[in-house]
Amino acid sequence: MIPEKQTNYSIRALIVDDEERARNLLEKLLLRIPGIEICGKAASADEAIEMVIANRPDIVFLDVQMPEKSGFRMVENLQKFLIDSKVVFVTAHAEFAVDAFRVSAFDYLLKPVMMEQLKETVLKYKAEQSQIAVKRIQPCKLKFNTRTGYILVSPDEIMYCEANVNYTTFYFGKENKEVVTVNLGKVEELLSSYSFFRISRSVLINTSFLKKADRQKKKCLIEKGAEKIWLDIPPNNIRELEKIIDS
């Protein structure tokens, strides 16, 4: 089970750098910012991956150049775990900026890190989280194009979404479905502010309807009223789904 976030803090940060002095300096700067908790410090990418999976930090402050495995390689390794921690690269090399944003980095800081830069990054994170929170509490309908026009969908009505080549099928029930002209990756992005989880390459479920998961059968059950649907899910994703639910 993932440790519960301490209510005394609003942002949990993990620092990853092979140089101890760099880790300690960044920790001192971060702790001067109200609302920051350091949930761990790692000296290598492999050590950091274990900490991210175990602690699910809000932000990972990640060095680029490290022995054995770079920060970029670490991010690529983490992507298969479907973890939503934001990554802020911290490096002395400005030329890595393009590659940082290629792997969807949240931000990029140059060493030596200045306090004002660090505060701006934290404020940027807080602003994004505030926007997400507003979206979650405000009921709304999203517009999706179809082959013949468009539909307006409340995310909480969707049981699950299934990839259909370059299109996506929304299932509101076993027989109640709509095909939209958007691929599943884009649908996942549009629904990221809601309770959805990618259980496989082709299926995205609304966890509000999740009833149970069976590791032996490699399936999960979603229910909506009297409707029950079993869907295939790899064992690794069952574990990741459990972590999200327990967090």
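Heavy atoms only: backbone and side chains are in, while hydrogens, waters and symmetry mates are out.
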Does [X] reach the side chain of [Y], with side-chain heavy atoms less than 4.5 Å apart?
| X | Y | answer |
| --- | --- | --- |
| V90 | D63 | no |
| I222 | W230 | no |
| V64 | H93 | no |
| L118 | R32 | no |
| S85 | I59 | no |
| V16 | M51 | no |
| F196 | I205 | no |
| M74 | V60 | yes |

For the backbone of [Y] and the side chain of [X], can you confirm whether one donor and one acceptor N or O come within less than 3.5 Å of each other?
| X | Y | value |
| --- | --- | --- |
| S10 | G35 | yes |
| T207 | L210 | no |
| R12 | G40 | no |
| T146 | V179 | no |
| Q117 | M114 | yes |
| D214 | K217 | yes |
| K124 | F106 | yes |
| K224 | E157 | yes |
| S70 | M66 | no |
| S154 | D156 | no |

What's the shortest heavy-atom distance between [X] and [Y], and which atoms?
| X | Y | value |
| --- | --- | --- |
| E240 | I53 | OE2-CG2, 4.4 Å |
| N206 | S195 | OD1-O, 3.2 Å |
| L62 | G71 | CD2-O, 3.4 Å |
| V187 | C161 | CG1-SG, 4.1 Å |
| A13 | P57 | C-CB, 4.4 Å |
| F172 | I158 | CE2-CG1, 3.7 Å |

Cluster check [X], [Y]: I/L/V/M/F/W/Y, side chain < 4.5 angstrom:
| X | Y | value |
| --- | --- | --- |
| I15 | L109 | yes |
| L123 | V113 | no |
| V182 | Y167 | no |
| Y160 | L221 | no |
| V122 | I38 | yes |

Rounded to the nearest 0.5 Å, how far does [atom2] of [Y] lie from [atom1] of [X]?
| X | Y | atom1 | atom2 | value |
| --- | --- | --- | --- | --- |
| L190 | K143 | CG | NZ | 13.0 Å |
| I238 | I233 | CD1 | CD1 | 5.0 Å |
| D58 | E37 | CG | CD | 9.0 Å |
| L204 | Y171 | CG | OH | 13.5 Å |
| K218 | N236 | NZ | CG | 10.0 Å |
| Q129 | S193 | CD | OG | 9.0 Å |

Run the side-chain donor-acceptor check on residues 18-31: report pairs under 3.5 Å with partners two or more places apart or on a different chain.
residue, atom, partner, partner atom, Å
R23, NH1, D17, O, 2.6
N24, OD1, K41, NZ, 2.8
N24, ND2, E20, O, 3.4
E27, OE1, K41, NZ, 2.8

Polar side chain donor-acceptor pair, N145 to T181, under 3.5 angstrom: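 On atom types as modelled, these side chains do not qualify, holding no pair under 3.5 Å.
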Aromatic centroids of Y108 and F89 separated by under 6.0 Å: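 They do not qualify: ring centres at least 6.0 Å apart.
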Aromatic centroids of F144 and F170 separated by under 6.0 Å: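 Yes, they do, as the ring centres are separated by less than 6.0 Å.
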When you check the gap from the basic side-chain N to the acidic O, do [X] and [Y] get nearer than 4.0 Å?
| X | Y | result |
| --- | --- | --- |
| D84 | R56 | yes |
| K174 | E227 | no |
| D232 | K219 | yes |
| E242 | R215 | yes |
| E223 | K212 | no |
| D46 | K69 | yes |

Side-chain hydrophobic cluster, 4.5 Å single linkage: members besides L152: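 Via sub-4.5 Å side-chain contacts, L152 links to Y150.
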Selection residues 176-187 - residue pairs positive for salt bridge (charged side-chain N to carboxylate O under 4.0 Å, His left out), sequence neighbours left out: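 Passing the test, one end in residues 176-187: K186-E189.
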Worked check of side chain to side chain contact (heavy atoms under 4.5 Å, CB included) between R201 and L184: CA-CA 9 Å; R201 290 178 62 87; L184 188 62; over 6 Å; no
Neighbour count >12 (heavy atoms, 6.0 Å) for atom NZ, K126: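 Yes.
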